[in-house]
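For reference, the structure is listed below as structure tokens.
As the structure is a computational prediction, the values presented were derived from the model and not from experiment. The figures here come from the full heavy-atom set of this structure, side chains too, leaving out hydrogens, waters and symmetry mates.
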Amino acid sequence: MFHMNNARFLRECDFARMNFWLHYGVYRVTQQLGATFIVSASWIRYRRCLEFMERFKIYTRMLCWDEKAFYFEHRMVSSRDDFVSAIVLVKVHVIKSSPAAVIEMYYDGEKRPSPQFPPEVIKWTECNLLSSAKLKQL
């Protein structure tokens with residue numbers, strides 16, 4: 001009963017991504033491009049609940065990108081014993097620009113390829129494509 005609820009996990013990840021954008025200067029780049037971000041998909045695996053008032057850390061990584069979106073991983077780790085309590089994948093669409101343009105401007109005009117997609121992100125995106133195709137048939 002007294003634990004972090006499902007909605008709060010995702011909310012905390014929103015804050016962690018905003019911190020990522022601001023800390024690394026990506027937010028400034030997107031403003032210069034006139035771009036914005038929107039979460040288009042997320043997946044979460046709960047491994048153990050975080051108790052009420054339990055301290056935890058969120059580790060955020062940008063994993064890769066495609067022509068429309070960045071893919072992030074958030075790990076929610078208990079400060080009590082360093083157990084990964086939840087892992088979250090998030091797809092963030094870039095509106096009015098592209099991930100490639102954001103990366104290029106971030107690196108002062110240098111084009112950079114996306115890192116390889118991790119296997120779990122490939123499978124997850126395949127599931128999203130299946131879901132989208134099914135919804136289009138309705």
Side-chain angles (χ1 to χ4, degrees):
M1 180 174 165
F2 293 110
H3 65 277
M4 189 159 80
N5 70 28
N6 300 352
R8 185 159 176 233
F9 275 92
L10 294 173
R11 186 188 75 172
E12 295 297 326
C13 290
D14 287 342
F15 291 139
R17 268 191 322 283
M18 180 54 78
N19 184 61
F20 180 94
W21 298 128
L22 292 170
H23 178 79
Y24 290 105
V26 180
Y27 183 72
R28 176 188 45 79
V29 170
T30 59
Q31 285 186 312
Q32 291 171 345
L33 289 170
T36 190
F37 300 118
I38 187 167
V39 171
S40 59
S42 61
W43 171 90
I44 187 166
R45 176 160 184 251
Y46 303 99
R47 298 183 67 222
R48 184 176 77 195
C49 70
L50 289 169
E51 299 298 331
F52 180 69
M53 301 297 288
E54 181 177 349
R55 291 179 179 262
F56 64 94
K57 298 173 189 164
I58 301 178
Y59 296 96
T60 300
R61 296 187 309 149
M62 182 189 297
L63 298 173
C64 51
W65 58 86
D66 60 22
E67 60 281 345
K68 295 181 181 180
F70 289 108
Y71 296 83
F72 281 86
E73 175 191 83
H74 300 283
R75 288 178 182 245
M76 304 181 96
V77 179
S78 170
S79 295
R80 176 172 29 122
D81 58 4
D82 289 330
F83 186 83
V84 178
S85 296
I87 188 162
V88 183
L89 298 177
V90 181
K91 181 179 182 179
V92 180
H93 262 91
V94 181
I95 308 298
K96 298 183 183 174
S97 189
S98 69
V102 172
I103 295 296
E104 186 176 341
M105 182 174 267
Y106 183 81
Y107 287 105
D108 297 321
E110 183 182 334
K111 294 183 180 187
R112 300 251 177 134
S114 170
Q116 278 194 300
F117 276 60
E120 65 273 19
V121 174
I122 292 170
K123 295 288 187 190
W124 176 54
T125 56
E126 289 171 357
C127 286
N128 286 336
L129 290 172
L130 288 171
S131 176
S132 290
K134 188 175 179 179
L135 289 169
K136 288 176 184 176
Q137 294 174 357
L138 296 179

OH (Tyr24) with more than 12 external heavy atoms under 6.0 Å = no
Heavy-atom distance under 4.5 Å between the side chains of Tyr59 and Val84, does that happen here?
-> no
Using the salt bridge (Lys or Arg N to Asp or Glu O under 4.0 Å) rule, take Asp14 and Arg17 through it: C-alpha gap first, then chi angles, then the decisive distance, then the call.
-> CA-CA 5 Å; Asp14 287 342; Arg17 268 191 322 283; 2.4 Å; yes
Linked, directly or transitively: Tyr107 and Val26 (ILVMFWY side chains, under 4.5 Å) | yes
Atom pair CZ (Arg45) and CE (Met76), whose distance is rounded to the nearest 0.5 Å | 15.0 Å
Rounded to the nearest 0.5 Å, what's the gap from CG on Asn5 to CG on Leu10? Could you check?
-> 9.5 Å
Are Val102 and Trp65 side-chain neighbours, meaning at least one heavy-atom pair lies under 4.5 Å?
-> no
Return the set of residues passing salt bridge (charged side-chain N to carboxylate O under 4.0 Å, His left out) with Glu126 (not counting sequence neighbours), or none when no residue passes.
-> none
Beyond-backbone contact of Ile103 with Phe70, side-chain heavy atoms, under 4.5 angstrom | yes
Evaluate the side-chain proximity of Ser78 to Leu50: yes if any heavy-atom separation is below 4.5 Å, no if none is.
-> yes
Trp21-Phe72 aromatic ring centre distance below 6.0 Å = yes
In the single-linkage hydrophobic clustering (I, L, V, M, F, W, Y; side-chain heavy atoms under 4.5 Å), do Phe56 and Tyr46 co-cluster?
-> yes
After noting the C-alpha distance and the side-chain angles of Asn19 and Thr60, does the key distance pass the side-chain contact (heavy atoms from CB on, under 4.5 Å) rule?
-> CA-CA 9 Å; Asn19 184 61; Thr60 300; over 6 Å; no
Say you draw a straight line from CD of Glu73 to CH2 of Trp43; how long is it, rounded to the nearest 0.5 Å?
-> 9.0 Å
Compare all side-chain heavy atoms of Glu67 with those of Ser98 and state whether any distance is below 4.5 angstrom.
-> no
Nearest heavy-atom approach of Lys91 to Trp124 is N-CH2, 3.5 Å
Kindly compute the distance separating CD (Glu104) from CG (Leu33), expressed to the nearest 0.5 Å.
-> 9.5 Å
May I have the step-by-step check of side-chain contact (heavy atoms from CB on, under 4.5 Å) for Ile44 and Asn6, ending in yes or no?
-> CA-CA 9 Å; Ile44 187 166; Asn6 300 352; over 6 Å; no
Contact summary for Phe83 and Arg48, nearest pair of heavy atoms | CB-NH2, 3.4 Å
Heavy atoms from other residues, nucleotides or ligands near CG of Leu129 exceed 12 (cutoff 6.0 Å) = yes
Going hydrophobic residue to hydrophobic residue with side-chain gaps under 4.5 angstrom, can you get from Tyr71 over to Leu89?
-> yes
Distance-only, no hydrogens or angles: does the Thr125 side chain make a donor-acceptor pair with backbone N or O of Val121 under 3.5 Å?
-> yes
Val88 side chain near Phe9 side chain, heavy-atom distance below 4.5 Å | no
Indicate yes or no: at least one non-hydrogen side-chain atom of Thr30 is less than 4.5 angstrom from one of Val94.
-> no
So which heavy atom on Cys64 is nearest to which on Ser114, and how close?
-> CB-OG, 3.2 Å
Can you see which heavy atom on Cys13 is nearest to which on Ile58, and at what distance?
-> N-CD1, 4.3 Å
CZ of Phe15 to NE2 of His74: how many Å apart, nearest 0.5 Å?
-> 12.5 Å
Thr36 OG1 to Gln31 CD distance, which is reported to the nearest 0.5 Å | 9.5 Å
Compare all side-chain heavy atoms of Arg112 with those of Tyr106 and state whether any distance is below 4.5 angstrom.
-> no
Is it the case that one hydrophobic cluster holds both Val92 and Tyr27, taking links as side-chain heavy atoms less than 4.5 Å apart, direct or via other members?
-> yes
